[in-house]
Protein chains: 2
Amino acid sequence: MAQKVKLSTIAEALGLSTATVSLALRDSPLVAEVTRERIKAEALASGYIYNRRAASLRTSKSGIVGVCVHDIMNPFFGEILIAIEHELDRHRQTFILCNHYDALAKQRSFIDTMLQLGADGLILSPAIGTPASDLELAETNELPVVLIARTVEGAGAPSFRGDDSVGMEMAVRHLVELGHRRIALVGGTEATSTGRLREAGYLRALAEAGIEFRPEWRIAGPRSRHSGFDAVPGFLRLSDRPTAVCCFSDLVALGFMYGLARAGLRPGRDIAVTGYDDIDEAAIAVPPLTTVANGQKEVGRRAASALVARLGGTPFAAADELILPELKIRNSSGLD
Amino acid sequence: MAQKVKLSTIAEALGLSTATVSLALRDSPLVAEVTRERIKAEALASGYIYNRRAASLRTSKSGIVGVCVHDIMNPFFGEILIAIEHELDRHRQTFILCNHYDALAKQRSFIDTMLQLGADGLILSPAIGTPASDLELAETNELPVVLIARTVEGAGAPSFRGDDSVGMEMAVRHLVELGHRRIALVGGTEATSTGRLREAGYLRALAEAGIEFRPEWRIAGPRSRHSGFDAVPGFLRLSDRPTAVCCFSDLVALGFMYGLARAGLRPGRDIAVTGYDDIDEAAIAVPPLTTVANGQKEVGRRAASALVARLGGTPFAAADELILPELKIRNSSGLD
DNA sequence: CTGAAAGCGCTTACAG
DNA sequence: CTGAAAGCGCTTACAG
């Protein structure tokens, strides 16, 4: 590597100006076809690398979109991310991924980094406790924000997610129809809109069925496979033990089923279990998991394309966009 | 947002030069303490946002490290990524994540993007078929590359990974000790070093035990939970069916166990199963999965810190660094 | 301890 | 269709 080749290197080699070279490389019709071909050939031959920092400094567009979620390893987010990636790829946007693990400080530092890099937009599953002001900071600095999975009260940012309360209502109603009257809700927390809304759906379905809710049925907290597994012993010690368990997510349900099996109980036979999300694994689990499809693909696609549209100049449309959930009945809620 | 505030905005407000402001914000001892405080206060009050593109253009350091793996949703990579993230965070490097899904074109376009953004380094689990020249392109353009999980023949880049052949040998030897003589190897492909090395370990252990390998025992291909699940019917149709199955990864093993259970067979009782990686889920699976701990945390930590050291000026040390695997005996290989 | 000036590598009006 | 020049917002020698 003798010298770094830049626009001016190519320009000099060809006896042209950097303006012409710049235009040609970006396929401007202003440049004559033959010139353009010569320039492109020279760029290729010389191993030219486009310097996006320089371009971005000049244009104040970076082609970068930041995406920050609780945990990218969670298949629920993973499935959303694939859809986002696909959509962003189509529009030649680079996306920068980050976990915030529900730590506000980590999320803030991510937003900061995106601001410093001059990112064009942000897709966020907001960390627990995110104040609207954190999102406004971004908007104020010309960094539009789109929310996924969760929403933030008072923030102008549009939110794309499944209809959590309706979805959970479906799951509970399904269990009621199977004859269950003692139904627990395992996992999730008051601290997120998801947790609150799913709990609301659960309570509504119970009320609708004329079942009086008992506080010990609500085992709040678990949101991972492991914590779902760990919730089992406590559940089994419940006096007048529920016959059915609605889990906050598939991950929690899958862990809970592992836990039940470990304790010698057969999910779907001894205890009915439902999940939420319908991740890929749900269908092959043992037993196959009854769950609520949460539209991950739609969430990702719509969020990304709303952002892309906004970058193109179209202002955001509606505030919140809810994707209709769909109940997937399999065997974990009762073997046939 | 009236006007964007930049260094010169602060400098003017305070009657100083941009040089002083720049120095002060980066805590240079060249600037008097009082001046520094005044500058920092003004920066905060005015909502100043550091423009990293401009700085990076000038210094040709970007503070960005690119990380590209087959699939970030795979918990094996997820666990590596967490370690990388932790290490990089400590050194205030932003990391940009990407899936290449074993598509060379996608990996190439990622390397290209990193080059254009002026990334400081690259951590790569190379896509199947990666030619050494792709990595050299990066190195030539001052983008040092570190490999994880897999290696690339002929590339100068150091590679951090578990000792695949030794690990698989451990698993097979364990099954042999339990009395198995017909042992299948499910998943993985010749196309990756991981696949080749693990197969080599498997063959070595068979040979060592005086067992003659039969081609139908090698069910190549599966590398996901789903494909592990799908491999079961074919396996069950094998005449003179193996009594034990070594799986290429935990994910494959977990899917395979789902498949066995679906077919009414009890993993660990009717068929012994082992995994590879010891991901978080292995210990709570039903039955708990016997597997080979593959040192994800170490891989991530060492890869990241080798890269950071290199950025600091220390050239790479050895070529390949192998982490010693460890057999974790649980119940899937035979209930006690 | 602080300032004036050049330059990183692009793109964008503006001229011709 | 092509070129000369300014400027994006920093940092880095160099002076003083």
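Chain letters run A, B, ... following the sequence lines, proteins first, then strands; residues in each count from 1.
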Rounded to whole Å, please give me the gap between CG in B:Leu14 and C1' in C:dT2.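 Checked: the CG to C1' distance equals 13 Å.
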Figure out the CD/C1' separation between B:Glu12 and C:dG3, and round it to whole Å.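 Checked: the CD to C1' distance equals 14 Å.
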CZ on B:Arg53 to CG on A:Leu57, rounded to 0.5 Å: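 It comes to 6.5 Å.
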Do [Y] and [X] meet the salt-bridge criterion of a basic N to acidic O distance under 4.0 Å?
X	Y	value
A:Glu37	A:Lys40	no
A:Arg301	A:Glu321	no
A:Arg310	A:Asp120	no

Go through B:Arg150 and B:Asp102 one step at a time and tell me if the salt bridge (charged side-chain N to carboxylate O under 4.0 Å, His left out) criterion holds. CA-CA 12 Å; B:Arg150 299 173 180 171; B:Asp102 270 324; 2.9 Å; yes
Would you indicate what A:Gly118 reaches in the nucleic acid, counting non-hydrogen atoms under 4.0 angstrom: base, sugar-phosphate, or nothing?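 Here A:Gly118 touches no strand at all.
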Of the non-hydrogen atoms in A:Val152 and A:Thr130, which two are nearest, and what is the gap between them?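 That would be CG1-O, 3.6 Å.
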Test item: B:Ser56 and B:Lys61 side chains (from C-beta on) under 4.5 Å apart, heavy atoms: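 Sidechains of B:Lys61 and B:Ser56: no contact.
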Would you say that A:Gln116 contacts B:Thr94 through its side chain, given a criterion of any heavy-atom pair below 4.5 Å between the two side chains?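 Heavy-atom side-chain distance check fails, nothing below 4.5 Å.
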My understanding is that only one of B:Leu14, B:Val34, B:Leu7, B:Leu44 makes a side chain to side chain contact (heavy atoms under 4.5 Å, CB included) with B:Ile39; could you say which?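 Going through the options one by one, the only one that passes is B:Leu14.
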Where along residues 29-41 of chain A does a heavy atom come under 4.0 Å from DNA chain C, residue by residue in number order?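 Contacting residues: none.
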Is a side-chain donor-acceptor pair under 3.5 Å present for A:Thr194 with A:Arg161?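 Per modelled atom types, A:Arg161 and A:Thr194 side chains form no pair under 3.5 Å.
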According to the Watson-Crick and G-U wobble definition with distances under 3.5 Å, which dot-bracket string, read 5' to 3', encodes DNA chain D, using [ ] for crossing pairs and | for pairs with another strand? |||.||||||||.|||
Where protein sits on nucleotides 6-11 of chain C, one letter per nucleotide: B base, S sugar-phosphate only, - none, heavy atoms under 4.0 Å: BBBBBB
Taking only side-chain N and O atoms of B:Thr20, does any of them lie within less than 4.0 angstrom of OP1 or OP2 on C:dT2?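 Looking at the OP1 and OP2 atoms of C:dT2, neither is under 4.0 Å from any side-chain N or O of B:Thr20.
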